[in-house]
2 protein chains.
Amino acid sequence: MAGSRRGRQSPTLVELAEAAGCSTSLASIVMRGAPGASDATRKRVMEAAESIGYRPDERARSLRRSSSGLIGVAYHVAEPFHADLVEGLYGTEGDGFDLVLGAMVPGRDVEHTIEPLLRQRCEAIILIGSMLPVARLRRIREEVPLVLVARQVRAAGIDVVRTDDRGGQRLATEHLIGLGHRAIAYIDGGQHPGAAIRRRSFRDTMAAHGLSDQARVIPGGNTEEEGIRATRRILDEGEPPTAIAAFNDRAATGVLTMLVRAGLRVPEDVSVIGFDDARIARTAVTPLTTIRQDTTLMAHVARERAAGLARQRFVAGEQVLVPELTERESTAPARPDH
Amino acid sequence: MAGSRRGRQSPTLVELAEAAGCSTSLASIVMRGAPGASDATRKRVMEAAESIGYRPDERARSLRRSSSGLIGVAYHVAEPFHADLVEGLYGTEGDGFDLVLGAMVPGRDVEHTIEPLLRQRCEAIILIGSMLPVARLRRIREEVPLVLVARQVRAAGIDVVRTDDRGGQRLATEHLIGLGHRAIAYIDGGQHPGAAIRRRSFRDTMAAHGLSDQARVIPGGNTEEEGIRATRRILDEGEPPTAIAAFNDRAATGVLTMLVRAGLRVPEDVSVIGFDDARIARTAVTPLTTIRQDTTLMAHVARERAAGLARQRFVAGEQVLVPELTERESTAPARPDH
DNA sequence: GTTTAATACTAGAACGTTCTAGTACTGATT
DNA sequence: AATCAGTACTAGAACGTTCTAGTATTAAAC
């Protein structure tokens with residue numbers, strides 16, 4: 001019971017050294033696995049540590065070392081896509097860095113989130129899917145190396161890891177066109193990262209196929225709710241398109257929801273395509289055809305970049321990953337009568 | 001550009017004191033808003049801090065103070081319900097504690113997650129929805145006050161904040177019975193927190209209404225995928241029940257998905273009820289009737305408990321919150337012909 | 001004009017580590 | 001027998017704060 005520890009501090013290196021009958025320096029060497037201790041001593045110290053319940057104080061360690069060995073990660077807790085990326089970040093250990101999470105929640109913006117990370121002297125910060133204006137990103141960049149994930153930004157000094165949104169959206173749009181669809185609606189992602197590029201890519205691809213007049217862009221968002229609203233709006237306005245592309249899988253799921261509610265079948269009546277290949281894509285009412293972003297790889301690269309930037313082995317740049325089409329059941333050839 | 005800071009350390013209190021022309025003690029007093037400095041000095045120091053870009057080093061602060069002022073939070077990143085709780089935890093500031101997040105991801109279990117929190121000398125740990133056996137919880141409890149959220153455990157010294165799962169599931173089951181349903185399937189949550197209690201509550205409630213022979217419990221889980229699988233199994237086995245209750249909203253969403261895929265209508269053919277009132281409940285194909293757990297309140301209470309336990313103002317106990325039925329569109333009276 | 005009380009300020013010792021610069025010992029090399 | 005190289009170990013100064021115990025300075029009280 002912790003009751004027995006009430007008020008007691010946890011044992012320090014000094015107490016460990018005492019228990020093991022050696023100097024704190026030696027105990028320290030053993031605890032961090034540095035060279036300079038005999039095997040016998042190592043064993044003795046480790047046993048003493050075990051027996052007194054010694055646990056190194058990370059604050060003191062970090063303070064004393066010249067570098068904190070910390071990479072900060074700022075992400076939106078409620079965003080499943082971010083959660084996937086965070087999971088991926090933990091996959092790659094062994095670069096000598098620990099991760100410190102900074103949660104963005106409503107009312108706690110990027111600056112608020114990053115401040116504690118900087119106060120812990122994180123050596124680099126991975127910022128996931130932030131909509132922050134470039135000027136403010138620049139200000140952060142002045143304090144610490146910054147890796148921006150899943151968003152494009154052309155500003156010197158800011159490292160970027162992202163998917164080729166333009167290529168991805170082209171893939172999606174051409175998939176639909178290839179299936180014979182002509183009247184295609186695109187549900188936009190508003191201000192969200194990547195939205196502007198995907199929107200433009202949709203328009204450009206439609207234009208390239210001479211379908212500009214059939215291309216409709218509907219205001220949307222990145223949530224199921226916004227997908228639902230946008231689709232309702234489409235349906236309210238009369239003859240629905242034969243295909244709908246959405247900014248991301250969450251919005252696409254909202255599209256599916258609304259179509260089912262309206263009694264339309266997917267893909268028989270309307271084809272739907274998403275973006276991300278999020279977890280929910282598989283379990284949607286109709287398994288979603290979508291553009292796959294490899295979150296594991298993105299996370300891997302992001303961490304590598306952050307570590308490299310912190311150690312000044314890299315110069316900031318842009319890593320663009322190639323997305324691919326994942327065909328499931330929500331898209332099908334346009335029916336001839338349309 | 002951070003390039004200009006290459007290799008430069010961030011300014012320390014000593015440099016701040018120098019810049020402001022006072023002692024470090026005084027600069028410290030100003031920076032932490034402690035009494036003992038004149039208004040003029042405060043202004044001068046603050047301006048100096050601003051001008052040299054001083055930012056207190058949290059590691060040093062925490063190390064020096066007798067208490068770290070940290071509460072650790074261990075949660076599953078990929079679990080939306082946990083994300084809601086984490087959001088809630090940030091809502092209540094002003095207790096003098098900062099939150100440190102510990103992410104549980106596949107391959108990184110509770111112990112791995114908690115270790116870094118302890119190394120930062122968190123004064124209490126909030127553990128969300130862990131399935132850890134009591135013995136191991138006890139071991140953690142020996143090191144630090146522990147608040148267990150969304151799970152019942154009867155072990156001295158472990159603080160618990162949970163919803164009344166038994167009452168909640170009774171509410172759900174009786175809602176269905178009250179609508180005239182008799183053949184009701186329950187999709188179980190397996191080993192997940194609360195699952196055992198909800199399962200038993202379902203059985204007991206059915207029994208109390210003389211419906212034991214109509215009560216079916218199907219192995220399931222806490223994800224959409226498992227909801228789908230369980231429902232497929234139900235449909236494969238012949239005459240479907242007129243109502244399905246699921247362990248949580250994610251599983252219930254899977255149920256909806258599978259029912260739609262099978263061409264059944266909700267609630268006309270089958271009523272479905274979930275648990276949690278997660279975000280996805282509203283945007284499900286058919287808006288889910290569900291049992292609402294107030295995550296904001298739970299988070300609020302959990303934080304309060306953690307802070308109180310850390311400061312030794314509370315003795316560990318159990319806080320049980322009352323859930324309520326949220327009626328949406330996925331439940332309706334049983335059709336007479338059933 | 002001395003005491004008292006309060007306010008503004010400071011020196012310097014912590015906090016729990018790491019790390020540099022050293023000492024003491026061993027065994028091999030000349 | 002003296003030198004060297006290597007291994008095992010240690011003393012003690014950092015790291016950047018907070019906090020205790022103080023010293024001046026001023027204002028009020030008699």
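Note on naming: letters A, B, ... go to the chains in the order of the sequence lines (proteins, then strands), and numbering restarts at 1 for each one. Because only heavy atoms are used, hydrogens play no part in the values below, and waters and symmetry mates are left out as well, while side chains stay in.
Contacts classified as side-chain hydrogen bond (donor to acceptor under 3.5 Å, both in side chains) and involving residues 22-35 of chain B (residues at least two apart or in different chains) are given here: B:S28-B:R32. Counting only residues at least two apart or in different chains, ring pair (Phe, Tyr, Trp, His ring centres under 6.0 Å) contacts with residues 88-147 of chain B are absent. For residues 145-155 of chain A, no pair satisfies side-chain hydrogen bond (donor to acceptor under 3.5 Å, both in side chains), with sequence neighbours left out.
Every residue was checked against the side-chain hydrogen bond (donor to acceptor under 3.5 Å, both in side chains) condition with B:S130, not counting sequence neighbours, and none meets it. The salt bridge (charged side-chain N to carboxylate O under 4.0 Å, His left out) search around A:D109 returns none, not counting sequence neighbours. By the salt bridge (charged side-chain N to carboxylate O under 4.0 Å, His left out) test, A:R136 pairs with A:E111, sequence neighbours left out.
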Could you give the side-chain donor-acceptor pairs of residues 76-88 of chain A under 3.5 Å, partners two or more places apart or in another chain?
residue : atom : partner : partner atom : Å
A:E79   : OE1  : A:N222  : ND2          : 3.4
A:E79   : OE1  : A:R250  : NH1          : 3.4
A:E79   : OE2  : A:R250  : NH1          : 3.4
A:H82   : ND1  : A:H76   : N            : 3.0
A:D84   : OD1  : A:R279  : NE           : 3.0
A:D84   : OD1  : A:R279  : NH2          : 2.4

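Atom pair B:L26:CG and D:dA24:C1' shows a separation of 14 Å (rounding to whole Å applied). Across the protein-nucleic acid pair, A:Q120 atom CD and D:dT17 atom C1' stand 15 Å apart, rounded to whole Å.
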Write out a two-atom table: protein N or O, nucleotide N or O from nucleotides 11-16 of chain D, distance below 3.5 Å.
residue : atom : partner : partner atom : Å
D:dA11  : N7   : A:S25   : OG           : 3.2
D:dA11  : N6   : A:S25   : OG           : 3.1
D:dG12  : O6   : A:S25   : OG           : 3.1
D:dA14  : N3   : A:R64   : NE           : 3.3
D:dA14  : N3   : A:R64   : NH1          : 3.0

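Listed in residue order, the members of residues 38-46 of chain B having a heavy atom less than 4.0 Å from DNA chain C are B:S38, B:T41.
Between the side chains of B:T92 and B:R303, no donor N or O sits under 3.5 Å from an acceptor N or O.
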